[in-house]
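Here is the structure we will look at, set down as structure tokens.
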There are 2 protein chains.
Amino acid sequence: MEAVSRTAATLDQVARAAGVSRATASRVFSGNLRVSEEARRAVESAATRLGYVANSAARSLAAGRSESVGVVVPEPGSGHFLDPLLSRLLRGIGEELSASGLQMVLFSPQSPADVQRLEQYLVGGHVDAVLMLALHESDTLPARLHARGIPMVFGGRPPQSQEVSFVDVDNHAGGRAATEHLIKQGRRRIAHIAGPDHSAAARARLAGFREAMWSAGLRSDFVDYGDLDRDGGELAMGRLLATADDIDAVFAASDAMAAGAMWALQVLGRRVPDDVAVIGFDDSPIASATRPPLSSVRQPVEDMGREMAKLAVSLSGVRDQSPRQMVLSPELSVRESTVASR
Amino acid sequence: MEAVSRTAATLDQVARAAGVSRATASRVFSGNLRVSEEARRAVESAATRLGYVANSAARSLAAGRSESVGVVVPEPGSGHFLDPLLSRLLRGIGEELSASGLQMVLFSPQSPADVQRLEQYLVGGHVDAVLMLALHESDTLPARLHARGIPMVFGGRPPQSQEVSFVDVDNHAGGRAATEHLIKQGRRRIAHIAGPDHSAAARARLAGFREAMWSAGLRSDFVDYGDLDRDGGELAMGRLLATADDIDAVFAASDAMAAGAMWALQVLGRRVPDDVAVIGFDDSPIASATRPPLSSVRQPVEDMGREMAKLAVSLSGVRDQSPRQMVLSPELSVRESTVASR
DNA sequence: GGTATCCATGGAAGCGGTTTCACGAACTGC
DNA sequence: GCAGTTCGTGAAACCGCTTCCATGGATACC
């Protein structure tokens, strides 16, 4: 390979070196069929020789598309359930986008000013599509993006779900699966530690729990609430035991709460899983670090990311953007906290 | 605000509406001082009226800088210690970049082909700077980026650390602090469960442990190794106890290993912290989910991200890019696993 | 053999900004 | 009052690529 000059080679130089016009060289890179085999070879060889890489700014400007997708992640500390899953999700998104040759531009607005700027940026047409990982208050965004014809895909079901495209995990099914697993293990007096009521995901998990219990003809009123973290789980467990001390299983809406619940049980001398089985949700690192290791519901977060990206890609550039939606099923990750000892 | 047309307003339209030339309008947005107060006001009002947002592709092309910074994160599954900290780190980076009006472009190359493409992309001058969160095999990258004058900042000390800029957490100091904390609690026979020897971070933590023990005149040879996950910790703890069953404290190089060690101890009837104190590293979610909650060493990961971004910004556009390095100190996060019961 | 069709190609006009340069008006200093 | 600055401004030349359009040679058809 020739010495790669300090300043990047341009299409013009490549074309000149290949003995063709800029237009033809451009066609080669855009995969245009209308190029002779001969010209194509000349251009390609010149390109490698010069170490040519297309200037994306110029390409975007000329072609009117940015070759990049914006990803908006929620601000932290909001106790959003997504947080621990974020890196898995981004991974899935990145994988799919990079397969399509798209760049991923990450936004994590902190202040209202950031949100404002972000909105301008997105509406300004600097990205070909937007993936939203949480509903920022900015409810105007969907409408404005839509008006500009910029596809937008939500991760997790947004409030006004009918109008927009989204990919979600089936929290209802997850809650049901967790509960059915406990029932199958012979448990009968099963409690649920639910997440905050304002969270749609938490409500769906609760509903799944209720449905499974009803179907099995069991009482479904051993329910308490926590704020998704460990202490919330511990407190809720205490309250539940005070109400009904013969509970034989607990399904918590998060692993952290499940860990807290386990603690509360063990402090009171209950053995897990022999006396009380415990199952969490998310299959986070916590699940394999508790004693005993925690059964959990694993959300297919990587798949979710991939599907979001796919959806965005298939939506962009299309005139008709009727919203599409997709719901992924979580699966059980069974560990020792729910299987009666050998 | 006027109806924002479907297609974004251009600088030209703004200039026309304000009754000035494109050049003057451009000066207003670039913060150029040479503009009369009158013209500035006219342009600004026209801009808000039309909902103008600069087209970043055009700006990049004309100005020769991309207003964006590439962030390369390690592929997953490699058991890299960064993984659980990733979202915190990205947060810090994003915060700082967005304050400078820069975009963050995320890369997570999976295949060798991805790495190849990435390298081309970065070298192609599409970003103003690069933040590397792990040493991909592609050792040629630093040199090539340097040749192009593209600043690059590593997160975590790279192998050949003298030549490049980086921000790292002081693992040595962290290891020392953890150990000294145990000593201060009156522990004397302290063991260390180290991470894999090929990891520089793991070696530094071990060195910190040794230094603290030597300084206190204590034996520092209760050392075993694990692969950073829970099972590794459990196994290592078993081996350590087989060697010396009167160990009264353990410092593990990761929270997961600490959790595993705690389990091993408790299975053998040791009480934590009464018989044996346990401390981890990373202050991950696991730390607050164990029973008892785990003391740990908290890495200032957000700060690390912020500093990396700052460094990149200050480096870009500067002719002389003599490498700068920065080492951040971790701090102790004390919980019940190391404080003798009340 | 002549005309219609096809196809690879090059010329050239943008895409939407930034920045150099020249210019006139308004200052300054003596 | 005049030369020398300073300052705001607009015209115009790019930045590197895509794409429309015209062209001309080769092929197809009758």
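Per chain, numbering begins at 1; letters A, B, ... match sequence-line order. Both backbone and side-chain heavy atoms feed into the values below; hydrogens, waters and symmetry mates do not.
In this structure a side-chain-to-backbone donor-acceptor pair under 3.5 Å is missing from Asp128(B) to Val69(B). Under the 3.5 Å distance criterion, the side-chain polar atoms of His126(A) are matched with a main-chain donor or acceptor of Ala54(B).
Proximity of Leu122(A) to Val72(A): side-chain heavy atoms (C-beta onward) are separated by under 4.5 Å at one or more points.
Taking side-chain N and O atoms only, Ser36(A) has a distance below 4.0 Å to OP1 or OP2 of dT9(C). Remark: Thr24(B) is not in phosphate contact with dT9(D), judged by side-chain N or O atoms under 4.0 Å from OP1 or OP2. Remark: Ser30(B) is not in phosphate contact with dT18(C), judged by side-chain N or O atoms under 4.0 Å from OP1 or OP2. Checking the phosphate oxygens (OP1, OP2) of dT19(C), a side-chain nitrogen or oxygen of Arg65(B) falls inside 4.0 Å.
Across all strands, Ala57(B) comes closer than 4.0 Å to no nucleic acid atom at all (heavy-atom distances). Using a 4.0 Å heavy-atom cutoff across all strands shown, Ala39(A) reaches sugar-phosphate atoms only and no base atom. Within the 4.0 angstrom heavy-atom criterion, base atoms lie near Ser26(B).
At a cut-off of 3.5 angstrom, the base of dT19(D) holds no donor-acceptor pair with the side chain of Arg59(A). Residue side chain Arg22(B) reaches the base of dG17(C) through a donor-acceptor N/O pair under 3.5 Å, judged by distance alone. Contact of Arg40(B) with dG8(D) (side chain to base): no donor-acceptor pair of N or O atoms is detected under 3.5 Å.
With dT9(C), dT18(C), dC17(D) as the candidates, the nucleotide lying closest to the side chain of Asn55(A) is dC17(D). Side chain of Ala62(A), nearest nucleotide from dT9(D), dG16(D), dG16(C): dG16(D). Picking from dG10(C), dG16(C), dG16(D) the nucleotide with the shortest atom distance to the side chain of Ala58(A) gives dG16(D). Picking from dG16(D), dC21(D), dT18(D) the nucleotide with the shortest atom distance to the side chain of Arg27(A) gives dC21(D).
With Glu95(A) as the fixed residue, the salt bridge (Lys or Arg N to Asp or Glu O under 4.0 Å) test singles out one of Arg88(A), Lys310(A), Arg306(A): Arg306(A).
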